[in-house]
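Worksheet for the structure shown next.
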Amino acid sequence: MQNKNSKEHLYEDIGLLLLLLMLSITAVLMMLSQNIVVNIIYLIITMGILIVTYFMGIIPSLLANMVFIAFQTVVMLYEYFGLNHEIQWSLLFWLIMPLLISLTMYLSTRSQIALQKANSDLHAALVERAPLINKLICGRWLHMWKMPECLLKLVDALKFP
């Protein structure tokens with residue numbers, strides 16, 4: 001158990017370091033591309049994709065990334081064919097960086113999400129057993145001559161899945 005737990009912590013730490021690295025690379029590439037408005041719009045969309053990754057999981061995040069890539073392709077094609085502008089190759093990093101950032105964020109938060117699910121399951125089990133525990137503690141069965149029997153019932157009532 002300890003080995004698995006330390007392995008999960010290692011994956012979380014590696015994921016967090018990779019996430020910071022990806023965000024730093026994105027910041028540098030944003031500065032180099034010199035296109036402030038498009039970079040801000042794409043950054044806001046990327047943050048929305050990260051929220052989808054955290055709350056909904058990796059599959060909806062990947063779908064959102066594919067929609068984002070399709071959106072970027074349509075915008076570039078419109079600028080090239082419709083407006084006769086040159087393709088801005090310096091913005092090409094936005095095709096891959098949101099996907100990489102989403103994957104590294106999922107890697108760094110997957111065990112935290114599993115822990116939150118386990119906590120909610122334990123909370124539901126505790127709420128389910130609350131009336132019996134309250135009955136035991138409030139004294140209906142708790143008499144001095146029945147203390148061992150009461151404690152055994154309390155232990156049985158507290159067994160969680």
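What you see is a predicted model, and the numbers here were worked out from it, not measured in a lab.
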Got [X] and [Y] here, is their nearest side-chain heavy-atom distance under 4.5 Å?
X   : Y   : value
S61 : Y54 : no
L18 : I14 : yes
N39 : L91 : yes
T46 : M97 : no
L92 : W89 : yes
W94 : T26 : yes
T73 : M76 : no
L62 : L99 : yes

Quick check for you: to the nearest 0.5 Å, what is the distance between [X] atom [atom1] and [Y] atom [atom2]?
X   : Y   : atom1 : atom2 : result
I45 : L50 : CD1   : CG    : 12.5 Å
L16 : L21 : CG    : CG    : 11.5 Å
I69 : I96 : CD1   : CD1   : 6.5 Å
I49 : L63 : CD1   : CG    : 11.0 Å

Within one Ile-Leu-Val-Met-Phe-Trp-Tyr cluster: [X] and [Y], side-chain cutoff 4.5 Å:
X    : Y   : answer
M31  : I44 : no
I40  : V28 : no
L77  : Y80 : yes
V74  : M66 : no
L103 : V67 : no

### Message
Other residues, nucleotides and ligands only: do more than 12 of their heavy atoms fall within 6.0 Å of CE on M47?
### Response
yes
### Query
More than 12 heavy atoms of other residues, nucleotides or ligands under 6.0 Å from CD1 of I36: is that the case?
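Not buried by this count: 12 neighbours or fewer within 6.0 Å.
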Do you know which two heavy atoms are closest between [X] and [Y], and how far apart they sit?
X    : Y    : value
L19  : S108 : CD2-OG, 4.4 Å
S102 : I58  : O-CD1, 4.5 Å
F93  : P98  : O-CD, 4.3 Å
P60  : G57  : CD-O, 3.7 Å

#### Entry: Sub-6.0 Å ring centroid separation between Y42 and F68
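Yes, ring centres under 6.0 Å apart.
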